[in-house]
Structure formats: structure tokens, C-alpha cells
Amino acid sequence: MYDNNPSLEGLVKTIDEKKQGTAFMPESEPVIPEGSKRFYIESYGCQMNFSDSEIVGSILGDAGFYPTRDMKAADLILVNTCSIREKAELTVRKRLELFNKLKDQKPQMMVGVLGCMAERLKKKLLDEEKLVDIVVGPDAYRDLPNLVSGAEEGNRGVNVLLSREETYADINPLRLNSNGITAFISIMRGCDNMCSFCVVPFTRGRERSRNAFSIVAEANDLFSKGYREVTLLGQNVDSYKWTNPEDESVVNFANLIEMVAHINPDLRIRFSTSHPKDITDEVLHTMAKYENICKYIHLPVQSGNSRVLELMNRTYDREWYMERVKRIYEIMPDCAISSDMISGFCTETEEEHKDTLTMMEYAKYSMSYMFYYSERPGTLAARKYEDDVPLAVKKKRLQEIVDLQMNISHEHNKKDIGKTFKVLIEGTSKRSELDLKGRNSQNKVIIFPKTDGDEVGTYVHVKVNSVTRATLIGERVLA
Ligand code: SAH
Ligand code: SF4
Ligand code: F3S
């Protein structure tokens, strides 16, 4: 119902699993040494998965594989998969069927499944359905070259071991599909939260934080290569905690963003995802202190009702969440907040659904990712609660959430008319070669006419003259 609905595009994000699956795109096909092999990779799911594909690209590069954007030219096709909702898995299955058809024409081609579905469906994919040659879970990517060689010799390869230590800290990701300006940096892996609807703790294992110095080094390296924005990634960045083995000193998330902010005032810092139970005032004050830490927080509420939140095992209630929102706006009045919402979770009543709507109005989200509940096998909710809200009701409630968010986003944007923002230029507008696009600190896209000397990767000041529900439209002004 919400998929492929063009009116929603860019405006309110209902994740469209069908449109995902961005393939790795090197700028141009590299000329490769005779006899070398090529890999093709598609990624589904969250930013974490896209970031992991860059780690995989680097590991394969070291093993002598070259990237290609042409799946037919590939010797190895990889799909980095997502299990978050049923639809995500169905999409991947369709892709696997297509890759298998290619394989029929080119039998030496290997097909591998990476990521979150690997954990869930390892045996099924390998043995019962014989859809793939290799299955590798998110903590086992270093083993990939080894598994590929095994598979070339006819041994189907599988490694889905989850680790308590692996953070790939020493791997320098191969930047895939990069605009050369913005990049992701994984700062932690796994999740210890056990929200009852969520499959991630099962597919990605225990939470662990990456060496803070390796994060700063990666950000530094990106800055020296011309990048101007890094997004620090984790399922719950606020619980980032790294203990330096040398002196037992502890780096928390507030310390980490401060360390990255010091690299250069021209390097912007974003992060995702913040958890309402863990986001501290220390983090908010650090954000306020540094101009280059973007004033934007993705703070998924999931539901606005305390009983539902308890069933979801989110460990905060409506009042707690409202207090956090209030604090954010007190400390940073110009901060934008976005959210994730799930409609129709087990036993949710109409009244309880209305609490989500009023929460959206209270928090004034600039945008949201919105879903209806999809039961995932093995999760706490699947084991404990009945998925008893009929699909039609889930969809009706979701539509109400989507409609409301569209209005709130529009109002949010209208308040920006007449304001001037510092914008990092990211490229040319999709609609017109004569326009540039960039984002402001609040993560809103701004389109403005190109003037002489404007360059991608530089900052300009743009005054907003008009808005749509999804975009700000403005013109360059002097700072
Ligand atoms: N770590 C992040 C979320 C990761 S998953 C957090 O805690 O906020 C991204 C989003 O997918 C979640 O915020 C949730 O809104 C949605 N989601 C997760 N499991 C789902 C399910 N079973 N059905 C529908 N939506 C789900
Ligand atoms: Fe899933 Fe909750 Fe962890 Fe987010 S915090 S990944 S929703 S278990
Ligand atoms: Fe999907 Fe795994 Fe991310 S289930 S949302 S790819 S952590």
C-alpha cells in the first residue's frame, strides 16, 4: 500500500524495500589485470548494512577482487540482506531467483548472501533451497575470501558465527556509491536492547563498541580526502562505550562526538540511531557546543502509548520520551527531531494508536520512517504476544500516521521560510542541472540556483524563499 507511492517520495520515509538494493557503483568500470575476478554487491536494509558492504568491498579488494556495476560481468554476486520486516526478506528472495537465472547461463558464477538474513536463514538458503553458494553473517566477513575459494572448489560455504569482539576497526572501507563528500562510519555493532518486535539482536548479536581512536583516524582520513560529513552509525549510539585497554579510561558517546568534532570545524558530524532511554544531557550539551555537530536527532519513539511501549520492551514511557524531547528543544531550540513509528503492534487499541498521533504533534518531527507491525519469527513479541491487529487496521492506522506526518513536515518546513542556513553542497539537483542541492544542519534538503564558483563539498549560505513538503527552496546569500 505504501510502497511505490510517488507522492510520498522524499517527504515522509516509508522505507520501500522494493526500491532499495542500491548496487555498488564504481565511477567507471576499472580496467583489471588479466585473470582477476569481479564482484557485484547489492545492499538492503539500514545504513549499517550499507556501511558493512564497504567493509566487505575492502576485504574482497585485498583478496584480489575488483568491483563491478555489471552483475553479468561478475564472478561473485553478493546480496547484503535485511530481515527487519517480512517484505525485506521477500524482496531479497526475488533477487536471488534472478541471480540464479544468471548462474544458469554462467555456472562458475558464485552467489552469496551476507548480512541479517544470513543469520536467520542459513540452512534453508544453502541446503533446502540451494539458492546460494555462500552464506556469511555480519561478524564473519573476514572469512569471505576463504569461503569463496572453498565454494569455487564445490564446497558450499557458511560462516554465521556472531562475535563479541569483531568491530572491523582496522579495515579501511572501500567507499561504495560515494559522492566523495559524505560517508558512514560504524562506531559499534550489535544491540543489547531486546525490543520485543525486533530481530536485530538475533541477527547482529551483542553490542560492542569500536576503538575510539580508530574512529577518529577514519574520520581524519576521510577529511583529508575531501569528505566534509561523517555519519556515526550504531543501533543505539548513546550506549557507545569504549575502554582504552592501556589506561582503562572510558570514552562515552559525548566524548566521542567531541573528539570527532575537533578534527576540523569544516567536518560535519551526524549520528544515528539515538535511543530515547539513553540519550544524555551530556550529549545534548556537546551537540550545542560544537557548530559542526549537526542539530538533528533521529529519536525513534515507536509508539506514543506507555502500555504499548512496555509491551515493546522499549524501557521508557510516554512521559520519559516527552521529557527528552523537551530537553532537546530547551538546549537546542533549532534542533530537528525525526522518528520511527510502528502501527498495529500486538493488542494496540484505537485509543492507544491516537497517543502516537498526539506524540507526533508534541514532538514536531521534521520527518519519520513509518511502518506497520510485521511479526518476526524468534522475537520476544512472536513468542509472547498474539499478532492480533488485523492487517487492514494496521494499514489504516499507518495511513493516519503518514498523513499527519506529511502535515507536520510541511508546517516544519514553512517555519524555515525567510531563514538563512549554512548548507553543504552535495551535488546537482535531480530535477535541473542549473540547481544545486545540499543539506542544512537539520538534515533538510535545500535546492538553490547554481552560481559561478559553487563547488560540491563547500559550504554556502542559502536563504529559504519557499518550501514543499519535502524540500526547502532558496537562493545564495552572503554569510
Ligand atoms: N536501532 C534502531 C532501529 C533499528 S530498526 C532503534 O532502536 O530505533 C529500524 C526501525 O524498523 C525501527 O525503529 C522500527 O520502527 C522498525 N521495525 C523494527 N522491527 C519491526 C517490525 N517487526 N515490524 C515493523 N517495523 C519494525
Ligand atoms: Fe532493535 Fe531495539 Fe536494538 Fe533498535 S534498540 S536495534 S529496535 S532491539
Ligand atoms: Fe535490517 Fe539488519 Fe539493518 S535486519 S535494518 S539490515 S540491522
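For ligands, and for the atoms within them, numbers begin at 1 and follow the listed sequence. Heavy-atom basis, side chains included; hydrogens, waters and symmetry copies ignored.
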With heavy atoms under 4.0 Å as the rule, classify the contact between R314 and ligand 1 as side chain, backbone, both or neither. side chain

Strictly under 4.0 Å, does any heavy atom of T273 approach an atom of ligand 1? yes

Under 4.0 Å from one or more heavy atoms of R376, ligand 1 contributes atoms 22 (N)

Within the 4.0 Å heavy-atom shell around I342, which atoms of ligand 1 are there? 14 (C), 15 (O), 17 (N), 25 (N), 26 (C)

Tell me: protein heavy atom nearest atom 8 (O) of ligand 1, and distance? P300 CG, 3.1 Å

Using a cut-off of 6.0 Å, state whether more than 12 heavy atoms not belonging to K241 lie near its atom NZ. no

Would you mind checking if D387 and K394 are paired as a salt bridge, meaning a charged N to carboxylate O distance below 4.0 Å? yes

N-O pairing of D139 and R206 below 4.0 Å: no

Ordered by chain then number, the protein residues lying under 4.0 Å from ligand 2 by heavy atom are C191, N193, M194, C195, F197, C198, V200, P201, Q235, H275, R314

Start with the C-alpha gap between E89 and R120, add the side-chain angles, then the distance that decides, and say whether salt bridge (Lys or Arg N to Asp or Glu O under 4.0 Å) holds. CA-CA 10 Å; E89 291 196 352; R120 242 180 56 69; 2.7 Å; yes

Shell check on atom 3 (Fe) of ligand 3: protein N, O or S atoms less than 2.8 Å away are C46 SG

Test of understanding: with salt bridge (Lys or Arg N to Asp or Glu O under 4.0 Å), list the residues that count as partners of K295, not counting sequence neighbours. none

So, using side-chain hydrogen bond (donor to acceptor under 3.5 Å, both in side chains) as the criterion, who are the partners of D75 when residues are at least two apart? none

Is there any N or O on S374 that sits under 3.5 Å from an N or O of ligand 1? yes

